[in-house]
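What follows is a set of notes on a single structure, which appears directly below.
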Amino acid sequence: MRVHWLVLAVLVAGGYALGSELAFSWFGADGTNASFFPAAGVTLAALVLVPRRQWPIVLAAAGLAELFLDLSHDIALDATLGYVGANLTQPVVGAALLLAAVPRVDLGRTRHLAAFVAFAVVAGAAVGGALGATTYVFVDGGEGWARFAAEWWVGDGLGILVVGGAILAQQATTSAHLTRRRAVEGALLAVAAALSAIALFRLQWFALVYVPVAILVVLAFRVGTRGVALTGALVAFVAAEATAEGHTFWESIDISTSTALLYMQLGIAILIVSTLALAAEIAQRERMAGALARVESDRVAALERASLYEAEQAARERAGLLERHAAHVAAAASATEIAAATIAELESAGIEVAVLGLVRGDVVETIAASGIQESTRTRYASFALTETSILTDAIRLGAAVVLDGDEYERRYPSFAHVRRETGMSSVIAVPLRGGRRGDVLGALAVSSRAASRFDGEWGQLVAAVAEQTALALERAQLQVEADRAAADAALLARLGEELERLTTTVGRAEQLARTLSDELGAMACISILGDDATLELVARAEAAGSPEVDAGTLTRIASTALASDRPVQEGLPGLRVHAMTLRARARALGTLTLAVRPDDTRVDSVLLQRVATRGALALDNALLYEQERDVSHSLQLSLLGGQPAPGRGTDVASAYLPATKALAVGGDWYDVLDLPRGTRAFVVGDVVGHGLEAAKAMGQLRGAVRALAPIGTPADLLRNLDVFVESVPETALSTLAYVELDPESGRIRYACAGHPPPLVVTPTGTTRFLWDGRSTPLGSSYGSVRLEGEDVLAYDETVLLYTDGLVERRTVSLDAMLDALLSAASAAAGSSPARIVDGVLSALLEDALEDDVCMLAVRLVSADHFTRTIVATPRDVASLRHALDAWLRDLDVGDERRRDLVLAVAEAAANSAEHAYSFDGVGTIRVDVRRELDGSLSASVSDEGTWRPPVANGDRGRGMPIIRALTEDVSFASDARGTVVHMRLPVEVGITT
Amino acid sequence: MTALGLTVHHHTREDYEIVETRGELDLTTVGVLEDSLGRAARKVVVLDLGLLAFVDSAGIRAIDLAHRHLRDGGGRLLLVAPPGSRAAWTFRVAGFDAPFHSLDAALDALAKSTSR
């Protein structure tokens, strides 16, 4: 308790003076008699209540008051100082001891009360009494130390007990609930106690002697320490005053007033202490009871909290379940995964039976379930929407169906066994309603062995789970649809792009099959309808993991689709086959067949229809293109008339390659003419345009050249052609190179009308372009002067004529291509004209030809030299035989020698064709036959194959003996590059029969 | 000498079959002869080569193989090629025994061998 020092000083000094004056004047004490001394209680209480540093103020105030009062009561200064010392030491000792025992004094506690009585009341007052008695005897000159000390002890002790107790009791935390009513009751009891004390002590109504005692006891119960202390103080004052006044009931006993006072004080003190103790005990008990009550209420509160906590926990668990479920279904991609996640979540929440069904067309498919028997699950894996079940009811009603107990069996008798199997008691089925579209996607049914489980929160929980599931399902469905649409668009785009790159029907069919197989993981087949109305399989592609299916089944299903002209779908063990007619421009072209795994969801009739439409158009375009190209090409070939006939003094090879990349066939041509004047003319030309028109124009131009060439020189021919093209406009602006060769002299005359220059290649590989004789294309409006050039070919020199398709490229300059032509021709110079043509074509041409390419290679050979290159086929061997026979006949070689050499050379060539190349139709065999100056004939047959050694008794053995029998000087040289057989037929007549 | 190809005629008799050939017997035509001999209705075949314009080693090989085939099956192949014919010359050149000079000679030989 903090009080301003001045207030404290005034209160203490005032209280002390009042208490002391009461003792002096009112109670009749003169300071030397035993007296009730209330001032001692003031000092003690003040010291106990204030902080220690304010003790000097308390002591000074009390000391000054004592000093002043003692001096005013004519007590000598030295004695006064002694009493001051005693009166100050007494509370200091009492307070110090008390506070040492209990730092904060609460008289409502028995231990505190005991400490208060022992230290402040008994011990403190004893010290004060001893000091006071010593002062009294030795300073004040009084007598009877013991008596004085005892009277002081009792008087001051009672003062401390009554006044100090009353003051200290104010801070007692005694009664828990000192209500206003109790306070009034306490006040009334205090008044009653005071009145009864007055009646007892002043009026000496002895009958009332126990009333104050009873009242104090009652107060101890009802009001507590504070009431007891205050009332005790009142009674003490009344009793002390009455006793001091002489109204004492002790009169009947023979004792002095002071002794009576002493007894009375002791009695009162004991009474007060007892009742205070009682009050403290009661307070303590009340506190105990309070504590017990608090414990009880705490317990009750804890129980309440626990049940609240449980409810909250359950709510949190449900919220947690919803949260987990939301997370799981969000992570699930497919409807099956979403359903499985939903069922798993419900299972983890202790749901025994859960079934999720989705509407697929007219049926409900159970895509996830838990807690039901396998047989039931299999039976209801898929069932009609019209079938009566709790799922279909929820779907049809679009609202939750909640059933309990027997209701389920009554409503769904056919599912009674499910209830028996699962032991379910309550069941709920909730529709799965998509949020965006509002469609009922399916239903979720959940049951429990607990009765009425789904009436409250659980019902709401299942509804919430169903809602989340439906949203997820809808999302997945939208995602699947979006993915599909994107994938379909990408597939069609890829198909379009890839098919456009190819031109042939087979190429496109193969690409279509490959792409579909690749993209859809399916086996894809394309069949084309032939002229005889049968399906021919033209392309088949399989992807890793695509199902295997035999060709017969595929053909059967494809034929069904073609016959019905509708998409056909057939489920087979381990696979599903889709077939569809490929139809473009109202014409059935063939079929598209796809085999997929049974669980495939990517391929359906919609996708198939789109793919088939796109594919059919691409195939139809290719077919149309090929038909026209085939017509053009065959016309072209028929006009060109195959390989040019060998002629005297020349070895000629030709090549015609139709364009493959676009519809560019037709227009390029070549011709070889034997002119009446003994020369041979070689022409290569290019008619403007492509296709059938160009092929027809080429035919006409070629005819014109044949008719006009004999008339004059090359320049004359061009001039005459200029006139011709005026009448046949399709041939205008055609270009051509024309070379006329005199095999006797090797002299050539040539002219080029807007055409690339012919190239001469010597056997050693040097080259020269024939740059003279150049003028504009035929019928050119410039009307240029027609020029011609001349040159001379040596034996074995080769002149190359070609069309611009060989040397014109979009990305490479003409000069660079002409250089490439020079290099390629030079590299092949040593070999036959056919080899030179091959070498040049393979060096210059790319895989896909954008334009036709036509080429002629003409070699001037000596009339005494037969040279021919054939490929390894029996037919070429036969034609070689005939050509050699004709050449020998021209040379007037006798019949028998001719017969011998022809058979020997033919056997050698057949050997090469068979043993070096196995008649592969590709390997080439070169035959050279010369008439030597002495008239003998020498022949060499060479190949580039791997010559296997002759087998002794084998077929191989036949040819060589014949050669040896017919010719002389037969040699056989074989190395890594190939094999050469030489033979010579002497002038003498050969073997005759 | 022009490309003639090979034509084959069969004349089936009671005990034997006469196969008459014309044209060129070479690599391009041996298949025709082989097929014809394979189709023969009798085990004994008289092959008339007298009208051939050309025979090469492939032709001789085919005839040789046919001969072995018939012999293995209990039959015979008798060759007929008059002296001066192309076939006779080729057989000589190839080191083979000369064929019978005429069809009659072959049939005589056949009659003798069967009567024996």
Side-chain angles (χ1 to χ4, degrees), chain A residues 645 870-890 893 895-915 917-919 921 925 950-951 953-967 990-993, chain B residues 1-7 21-35 49-69 71-72 79-102 105:
Chain A
I870 62 168
V871 295
T873 64
R875 183 173 297 280
D876 265 29
V877 173
S879 73
L880 164 74
R881 200 170 73 224
H882 298 146
L884 179 59
D885 191 72
W887 183 75
L888 291 170
R889 201 186 291 275
D890 279 354
V893 172
D895 286 351
E896 288 172 354
R897 295 181 75 221
R898 184 158 52 84
R899 178 194 66 191
D900 293 356
L901 190 66
V902 166
L903 181 58
V905 169
E907 291 292 344
N911 265 355
S912 286
E914 182 175 2
H915 298 287
Y917 302 120
S918 304
F919 297 117
I925 301 151
V951 181
N953 65 338
D955 312 332
R956 179 86 191 116
R958 279 301 173 250
M960 286 310 286
I962 290 176
I963 295 169
R964 289 186 201 283
L966 293 173
T967 63
I991 299 166
T992 55
T993 50
Chain B
M1 191 175 181
T2 50
L4 299 172
L6 181 75
T7 54
T21 58
R22 283 168 200 266
E24 298 184 340
L25 181 58
D26 64 3
L27 269 174
T28 63
T29 58
V30 285
V32 176
L33 180 68
E34 282 163 0
D35 286 353
L49 304 167
L51 294 174
L52 285 176
F54 179 80
V55 182
D56 69 359
S57 63
I60 290 175
R61 181 167 70 223
I63 290 166
D64 191 27
L65 286 174
H67 179 80
R68 290 182 202 180
H69 186 71
R71 192 186 59 199
D72 291 348
L79 304 178
V80 176
S85 69
R86 184 63 183 241
W89 175 76
T90 311
F91 270 82
R92 233 185 94 206
V93 170
F96 271 66
D97 293 340
F100 294 101
H101 291 183
S102 66

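Residue numbers start from 1 in every chain, and the chains themselves are labelled A, B, ... in the order their sequence lines are given, proteins ahead of strands.
- For the atom pair A/Arg881 CZ and B/Thr28 OG1, the distance stands at 6.5 Å (nearest 0.5 Å).
- Atoms CG and CZ, on A/Asp885 and B/Phe54 in that order, are 9.5 Å from each other to the nearest 0.5 Å.
- Expressed to the nearest 0.5 Å, how far CG of A/Asp876 lies from CG of B/Leu27 amounts to 12.0 Å.
- More than 12 non-hydrogen atoms from other residues, nucleotides or ligands lie less than 6.0 angstrom from CG of B/Asp72.
- In this structure, B/Thr90 and A/Leu903 approach most closely via the heavy-atom pair CG2-CD2, 4.4 Å.
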